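Order of the sequence lines fixes the chain letters, A, B, ..., with proteins taken first and strands second; residue numbering starts at 1 for each chain. Not measured: the values here are computed from a predicted model.
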Number of protein chains: 2
Amino acid sequence: MTYELHHGDCIDIMASLPAESVDAIVTSPPYAEQRKSTYGGIPEKDYPAWTVAWMAEAKRILKPDGSAIINIRPHIKNGQISDYTLRTRLALRDAGWNECEELIWHKPSSPPLGSPQRPRRSWESLHWFAKHGKPYVDAKAAGKPIKFPGDKSGGQSGPHISQLNGLRQAPGIARVTDAVTVATDQTIRAHPAPYPWQLAEWCGKLICPQGGTILDPFSGSASTGVAAIRNGWHYIGIDAIAEYVDMSRKRLDAEQTKQAPTEGPFSCTETGANK
Amino acid sequence: MTYELHHGDCIDIMASLPAESVDAIVTSPPYAEQRKSTYGGIPEKDYPAWTVAWMAEAKRILKPDGSAIINIRPHIKNGQISDYTLRTRLALRDAGWNECEELIWHKPSSPPLGSPQRPRRSWESLHWFAKHGKPYVDAKAAGKPIKFPGDKSGGQSGPHISQLNGLRQAPGIARVTDAVTVATDQTIRAHPAPYPWQLAEWCGKLICPQGGTILDPFSGSASTGVAAIRNGWHYIGIDAIAEYVDMSRKRLDAEQTKQAPTEGPFSCTETGANK
DNA sequence: ATGAGGAATGAATCCCCAC
DNA sequence: GGTGGGGATTCATTCCTCA
């Protein structure tokens with residue numbers, strides 16, 4: 001229930017954070033050639049190297065079993081999808097990152113934009129990278145109770161559930177699938193990239209242990225921070241634009257009040273160029 | 001309502017087909033390192049070159065506005081997803097193919113297999129490649145009627161629908177999205193790759209014009225053929241295994257009988273090593 | 001005939017243990 | 001120590017059996 005917001009370049013800020021202090025990274029960096037007016041826009045050809053650079057700093061502050069979920073989807077230009085996410089994924093792998101899985105964020109309420117000659121775009125990728133092949137994972141934290149055939153009790157612990165390989169398994173809970181459906185949040189008008197906190201919550205439940213620390217180096221409207229407060233994770237948010245940091249502070253303070261309206265003041269640390 | 005089945009190596013068979021005679025390719029090639037016992041298994045490192053090779057032959061017989069939808073999903077090994085589909089996509093682009101879009105096949109009935117430490121895998125990629133950036137597309141052929149709020153008529157032509165950019169638009173029909181949900185077909189026990197014909201139908205409606213010719217160079221159980229017969233497309237199926245060709249012939253004949261039980265015999269051409 | 005209930009199964013992956 | 005067999009996972013759909 002604590003958060004830190006930092007204003008500045010994420011590489012600089014991350015360099016000031018202690019090594020191996022972060023459990024999970026959940027972020028949606030600026031896409032190539034998009035949002036030029038607000039974030040400057042990273043050229044497509046530079047995107048892989050740019051991502052490897054900030055991920056290198058992230059690697060230092062990530063715990064050994066920590067991992068990162070990065071939301072990107074390439075745009076279409078002249079009828080062809082951009083290849084920069086392909087090259088970025090290969091570059092991260094070359095830089096020593098383990099690509100755990102391709103997760104899908106399905107947006108059922110996606111607006112009918114894009115070319116009328118093409119299917120309406122309704123999903124985005126969540127690229128999951130870790131320091132090695134066995135990072136911390138809880139595939140059941142966001143899972144639902146198992147319903148066995150004929151079981152009308154609601155599905156508490158069935159006969160088939162047991163300890164597996166000595167690993168703790170939540171009994172009677174099915175693990176999540178690799179595609180999650182979350183409607184886009186149309187209410188976040190203050191930031192151009194509508195990343196819903198429910199999506200960040202799903203990602204965090206997958207890769208952030210209870211009470212862990214979750215980082216978003218491109219914090220934007222701090223949706224990951226909202227998810228953190230609601231789930232008891234410590235949040236570290238970084239953004240290059242002071243206006244978004246200020247807005248995020250208001251949003252997170254309001255969220256904390258909502259979460260525990262009867263308790264006293266919350267611990268909150270703020271640092272960075274805009275302190 | 002006609003089909004051709006060929007037994008043999010798809011590159012050899014395609015070389016015998018006339019240039020620019022195919023409207024669309026919808027296929028699910030053998031995945032790298034999978035199905036070794038039936039198809040020999042293409043090594044991961046050879047997969048990009050192998051794909052470029054058979055796609056080069058496909059390019060010759062594809063019409064100028066034709067395109068191909070290829071279903072592949074990489075496996076996970078030691079906690080890391082294989083990178084061969086990334087490298088294959090880049091190799092096809094280097095070979096001059098235009099990557100139109102990343103489409104998603106979502107499988108709601110996917111079995112609870114795979115690592116218990118990872119989310120259950122419930123989707124596969126549909127990679128869409130064309131000769132250029134503006135291939136034949138009908139984004140509404142598989143679309144559903146638009147339902148306006150409060151409209152109880154079923155959704156024929158609403159006020160928001162109009163000619164757009166001078167392109168013919170089916171009125172009152174919404175474009176499909178780039179993610180399609182089709183349950184896996186558990187009834188195809190004779191072939192190990194359960195590619196449902198409903199998925200092939202959705203793909204065909206997107207890229208194959210009415211009365212066009214649709215090709216599957218890795219025909220397997222001929223699910224694409226079933227979709228073709230049901231939609232009035234001419235089907236060309238190729239498979240390296242005689243047993244599957246024989247099985248497909250029975251399946252497609254039965255499908256034709258089902259589609260028009262009162263009509264006479266159908267036109268059907270069969271060629272290839274197993275003739 | 002009809003329906004309820006049970007068993008079997010699938011483009012998987014990893015761990016454990018035997019050899 | 002490398003290799004290979006066996007078990008666990010736990011959803012939707014199928015066929016089959018029995019009332």
Side-chain angles (χ1 to χ4, degrees), chain A residues 98-102 128 130 132-135 137-140 143-179, chain B residues 27-42 44 47 70-82 84-85 88 104-127 181-200 216 218-221 223-224 239 241 244:
Chain A
N98 181 96
E99 186 168 15
C100 299
E101 184 55 291
E102 308 168 282
W128 179 17
H132 54 77
K134 296 184 64 177
V137 189
D138 188 342
K140 296 188 171 182
K144 288 173 187 165
I146 297 166
K147 286 220 173 183
F148 290 96
D151 175 12
K152 288 158 190 167
S153 72
Q156 289 310 302
S157 72
H160 300 265
I161 302 302
S162 63
Q163 296 287 101
L164 177 64
N165 303 329
L167 296 162
R168 278 171 299 171
Q169 296 284 321
I173 303 289
R175 57 196 214 268
V176 294
T177 66
D178 54 0
Chain B
T27 192
S28 184
Y31 301 178
E33 309 287 354
Q34 315 267 125
R35 307 271 154 261
K36 282 182 195 171
S37 56
T38 43
Y39 284 104
I42 298 95
E44 282 188 60
Y47 205 92
I70 304 165
N71 163 232
I72 326 180
R73 186 171 193 194
H75 54 270
I76 293 176
K77 199 172 177 182
N78 299 324
Q80 172 146 263
I81 54 172
S82 171
Y84 77 90
T85 62
T88 298
I104 293 293
W105 169 27
H106 181 236
K107 303 182 285 185
S109 59
S110 60
L113 303 176
S115 170
Q117 290 293 98
R118 291 291 174 85
R120 189 157 54 90
R121 305 190 97 198
S122 68
W123 62 272
E124 298 194 9
S125 287
L126 300 168
H127 300 297
T181 297
V182 181
T184 52
D185 191 339
Q186 309 281 1
T187 63
I188 312 172
R189 296 252 164 74
H191 188 271
Y195 186 81
W197 64 262
Q198 292 91 340
L199 180 65
D216 186 348
F218 306 97
S219 181
S221 55
S223 293
T224 299
D239 205 276
I241 295 175
Y244 294 146

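Across the protein-nucleic acid pair, A:E102 atom CD and C:dA11 atom C1' stand 15 Å apart, rounded to whole Å. Note: CD (B:E124) to C1' (C:dG10) measures 12 Å, nearest angstrom. Between the CD atom of B:Q80 and the P atom of C:dC14 there is a distance of 11 Å, rounded to whole Å. Spacing between atom CD1 of B:I81 and atom C1' of C:dC14 amounts to 17 Å, rounded to whole angstrom units. Atom pair B:L113:CG and C:dT13:C1' shows a separation of 9 Å (rounding to whole Å applied). In this structure, the CD1 atom of B:I76 is 17 Å from the P atom of C:dA11, given to the nearest Å. Distance CZ (B:F218) to P (C:dA11): 18 Å, rounded to an integer number of Å. One atom, NZ of B:K107, and another, P of D:dT10, lie 17 Å apart when rounded to the nearest Å.
The two residues A:C100 and A:P135 come nearest to each other via the heavy atoms SG-CG, 3.9 Å.
The side chain of B:P111 approaches C:dG10 more closely than any other nucleotide in the set D:dT10, C:dG10, D:dA12. Of all nucleotides listed (C:dA11, C:dT13, D:dT13), C:dA11 comes nearest to the side chain of B:Y31. When the nucleotides C:dG10, C:dC15, C:dT13 are ranked by their closest atom to the side chain of A:K134, C:dC15 comes out on top.
Take B:A32 and apply the side-chain contact (heavy atoms from CB on, under 4.5 Å) test, not counting sequence neighbours, and it matches B:E44, B:Y47, B:Y84. Listed by chain and number, the residues in a side chain to side chain donor-acceptor pair (under 3.5 Å) with B:Q80 amount to none (sequence neighbours excluded). Every residue meeting the salt bridge (charged side-chain N to carboxylate O under 4.0 Å, His left out) condition with B:E124, not counting sequence neighbours, appears here in chain and number order: B:K107. With sequence neighbours excluded, the residues that form a side-chain contact (heavy atoms from CB on, under 4.5 Å) with B:S122 are A:T177, A:D178, A:A179, B:H106, B:S110. Not counting sequence neighbours, B:R118 has no partner by the salt bridge (charged side-chain N to carboxylate O under 4.0 Å, His left out) test.
In this model, a donor atom of one side chain and an acceptor atom of the other lie less than 3.5 Å apart for B:S28 and B:N71.
When the nearest nucleotides of DNA chain D are assigned to B:P108 and B:S115 by heavy-atom distance, the more 5′-ward of the two goes with B:S115. The residue among B:P112 and B:P74 whose nearest nucleotide of DNA chain C is located toward the 5' end is B:P112.
Contact annotation: A:K140 side-chain N/O to D:dT10 OP1/OP2 distance is under 4.0 Å. The side chain of B:R118 places no N or O atom within less than 4.0 Å of a non-bridging phosphate oxygen (OP1 or OP2) of D:dT9. An OP1 or OP2 oxygen of D:dC11 is reached within less than 4.0 angstrom by no side-chain nitrogen or oxygen of B:R120.
B:P29 comes within 4.0 angstrom of a base, heavy atoms only. Backbone-only contact: A:R175 has heavy atoms under 4.0 Å from sugar-phosphate atoms and none from a base.
B:T184 contributes no side-chain N or O that forms a donor-acceptor pair with the base of C:dA11 under 3.5 Å.
With both ends at atom P, the span from D:dG6 to C:dT9 equals 16 Å, rounded to whole Å.
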For DNA chain C, just give me the dot-bracket, please: Watson-Crick or G-U, both distances below 3.5 Å, ( ) intra-strand, [ ] crossing earlier pairs, | paired with another strand, . unpaired. .|||||||||.||||||||
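Looking at B:P111, B:P116, B:S115 one by one, the single match for side chain to side chain contact (heavy atoms under 4.5 Å, CB included) with B:L113 turns out to be B:P111.
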